[in-house]
Amino acid sequence: MDKKPRSLSKIILAVVITLVTLGVMIWSLFADENGKYVVLDPSGPIGEAQRDLIIISTILCAIIIVPTLILVGVIVWKYRDTPGNKAKYSPNWAHSTVAEAIWWGLPILIIIVLGAVTVRYTYATEPSKPLVSDKEPITIQVTSLDWKWLFMYPDSNVATVNTLTIPEDTPIRFELTSDAPMNSFWIPELGGQMYTMSGMAMVLHLQADEQGTFMGSGANFSGEHYTDMKFDVNAVSEEDYNNWINEVKLNSQPLTAEGYDQLSDPSVEEVQYFSAFPEGLFNDIVTKYVVDQDESAEATTHE
């Protein structure tokens, strides 16, 4: 006995419910605690360019994917095996020049356009490329530790743990390294992530176009408390930034070499401020695990 086929309305309802469910799941996974989809709501030139690339790429891919999914549903429905189905049956059909021109030509054109757009935006947002601005960039040296972030301001000789303060509309030159397992430095509203690795100093240029507090975090698994590697990025006016520097200098203790050794031990730390830090500390961290060639050759000889 043949089963009664499902109605078209029930199939459409099932598809809609599935798509809505997937959408809610994706949104909940990538939205922040305030429900804000931060990657698509940037506050800096790099973040804006990366958002544009995401949207353009999605639209270009949707030109292929959406019609294909619709056609799959239409074909399945039209040629379903049901009594009395009067859909045209062409068992000897083998070729259509028009159809092949569409399903080969359109994807090739989309790939060419997508490749050109991706190359353009990739070069425009190259992390080590300085941002165009009439203001001098501020350098901030970033070190990922277990399980905290150390930020050093070499121009002002102050340092912080798990908090950043930057002036708005001013390019920031981040110099990134690690004195722990590899991690990833990420401020979603300002730009994409950049890995931090021991023995290497990476460069990342970002800028906040407006005042506000932005979320920062480690975006790489690095052990037991990697979820605690979060920090606030406070974008303030230039006047407030200078006042903040002066306040840190007046009301904080300096970070000593011994203090850094303690800080580098695995631990979860609260926000901290330091009025000074040892000169050349960042370079010492970068070269900490470099083995001198003479020492290496001598050790090999003894072995």
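- More than 12 heavy atoms of other shown residues, nucleotides or ligands fall within 6.0 angstrom of atom NZ in Lys135.
- If you take CG on Leu150 and CD1 on Ile285, they are separated by 6.0 Å, rounding to the nearest 0.5 Å.
- Looking only at distances, no side-chain donor or acceptor of Glu48 sits under 3.5 Å from a matching main-chain atom of Pro42.
- The backbone N or O of Trp77 sits less than 3.5 Å from a side-chain atom of Arg80, completing a donor-acceptor pair.
- Note that CD of Glu269 is 6.0 Å distant from CG of Leu263, once rounded to the nearest 0.5 Å.
- Here the CH2 atom belonging to Trp244 is positioned 9.5 Å from the CD atom belonging to Glu247, to the nearest 0.5 angstrom.
- Under the rule for a ring pair (Phe, Tyr, Trp, His ring centres under 6.0 Å), the partners of Tyr226 that lie at least two apart in sequence or sit in another chain are Phe221.
- A tilted orientation is assigned to the rings of Phe174 and Phe185, their planes being inclined by 30° to 60°.
- Under the 4.5 Å side-chain heavy-atom criterion for grouping Ile, Leu, Val, Met, Phe, Trp and Tyr, Ile111 is not connected to Leu106 through any hydrophobic cluster.
- In this structure, Tyr241 and Tyr153 have tilted ring planes: the angle between them lies in the 30° to 60° band.
- Between Ser275 and Ser252, the side chains place no donor N or O within less than 3.5 Å of an acceptor N or O (distance only, hydrogens not considered).
- Within 6.0 Å of NZ on Lys288 lie more than 12 heavy atoms contributed by other residues, nucleotides or ligands.
- Rounding to the nearest 0.5 Å gives a distance of 10.5 Å between CD1 of Ile138 and CD of Gln207.
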Original post:
Yes or no on side chain to side chain contact (heavy atoms under 4.5 Å, CB included) for Trp149 and Val142, after CA distance, side-chain angles and deciding distance?
Top reply: CA-CA 7 Å; Trp149 292 94; Val142 182; 3.6 Å; yes
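- Taking all atoms of both residues into account, the shortest heavy-atom contact from Pro278 to Thr256 is CG-C, 3.9 Å.
- Nearest heavy atoms, Glu210 versus Phe214: O-CZ, 3.7 Å.
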Subject >> Check against side chain to side chain contact (heavy atoms under 4.5 Å, CB included), Ile172 and Leu164 >> reply: CA-CA 11 Å; Ile172 307 298; Leu164 261 178; over 6 Å; no
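- Taking CG of Leu109 as the reference point, atom CG of Leu60 lies at 9.0 Å (rounded to 0.5 Å).
- Atom CD of Glu239 sits in a sparse spot, with 12 or fewer heavy atoms from other residues, nucleotides or ligands closer than 6.0 Å.
- Considering Ile166, Thr163, Asp240 in turn, Thr163 is the only one that fulfils the side-chain contact (heavy atoms from CB on, under 4.5 Å) rule with Asn234.
- At a threshold of 4.5 Å between side-chain heavy atoms, the hydrophobic network of Ile, Leu, Val, Met, Phe, Trp and Tyr places Val233 and Ile140 in one connected group.
- Applying the side-chain hydrogen bond (donor to acceptor under 3.5 Å, both in side chains) test to Tyr289 and every residue at least two apart in sequence or in another chain returns Asp179.
- A pairwise comparison of heavy atoms in Leu53 and Ser57 identifies O-OG, 2.7 Å as the closest pair.
- Other residues, nucleotides and ligands place more than 12 heavy atoms under 6.0 Å from the CH2 atom of Trp93.
- Within the 4.5 Å cutoff, the side chain of Ser156 has heavy atoms near those of the Ile245 side chain.
- Side chains of Ser267 and Lys148: a donor-acceptor N/O pair is present below 3.5 angstrom, by distance only.
- Between Ile54 and Leu40, some side-chain heavy-atom pair lies under the 4.5 Å cut-off.
- In this structure, the side chains of Asn85 and Thr82 come closer than 4.5 Å at one or more pairs of heavy atoms.
- Side-chain contact, Thr227 with His225: no donor N or O sits under 3.5 Å from an acceptor N or O.
- Counting heavy atoms from C-beta on, the side chains of Val158 and Lys249 come closer than 4.5 Å.
- Using a 4.5 Å heavy-atom threshold, the side chains of Tyr195 and Met182 count as touching.
- A 4.5 Å side-chain heavy-atom check between Phe151 and Val161 finds every atom pair outside the cut-off.
- Between the side chains of Asp209 and Ser43, not a single donor N or O lies within less than 3.5 Å of an accepting N or O.
- The closest donor-acceptor contact from the side chain of Ser237 to the backbone of Glu168 lies at 3.5 Å or more, if one exists at all.
- Using modelled atom types and a 3.5 Å distance limit, the side chains of Ser264 and Asp261 yield no donor-acceptor pair.
- When all heavy atoms of Gly44 and Leu190 are compared, the closest pair comes out as N-CD2, 4.4 Å.
- Of all heavy-atom pairs between Leu281 and Met152, the closest is CD2-SD, 3.6 Å.
- Within 6.0 Å of CE in Met200 there are 12 or fewer heavy atoms belonging to other residues, nucleotides or ligands.
- Under 3.5 Å, the side chains of Ser178 and Ser144 contain a donor-acceptor pair of N or O atoms.
- Pairing each heavy atom of Gln193 with each of Ala219, the nearest pair is OE1-CB, 3.4 Å.
- A 4.5 Å side-chain heavy-atom check between Ser184 and Met194 finds every atom pair outside the cut-off.
- Crowding of Gln211 atom CD: a count of heavy atoms from other residues, nucleotides or ligands under 6.0 Å exceeding 12.
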Original post:
Please walk me through it: do Ser222 and Met229 pass side chain to side chain contact (heavy atoms under 4.5 Å, CB included)?
Top reply: CA-CA 9 Å; Ser222 60; Met229 294 193 65; 3.8 Å; yes
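- Here the CG atom belonging to Leu145 is positioned 9.0 Å from the OG1 atom belonging to Thr196, to the nearest 0.5 angstrom.
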**OP:** Take Glu175 and Arg173 through the test salt bridge (charged side-chain N to carboxylate O under 4.0 Å, His left out) and record every step on the way to the result.
**Re:** CA-CA 6 Å; Glu175 297 178 355; Arg173 184 180 191 273; 2.3 Å; yes
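- Between Val66 and the choices Leu69, Ile70, Ile64, the side-chain contact (heavy atoms from CB on, under 4.5 Å) rule is met once, by Ile70.
- For the pair Thr177 and Phe282, the minimum side-chain heavy-atom distance is below 4.5 Å.
- Side-chain rings of Phe277 and Tyr260 stay apart, their centers remaining 6.0 Å or farther from each other.
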Original post:
Between Met197 and Met202, does a side chain to side chain contact (heavy atoms under 4.5 Å, CB included) hold up when you go through it step by step?
Top reply: CA-CA 8 Å; Met197 293 171 278; Met202 311 296 289; 4.2 Å; yes
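- Side-chain contact of Ser128 with Glu126: a donor-acceptor pair under 3.5 Å is present, judged by distance alone.
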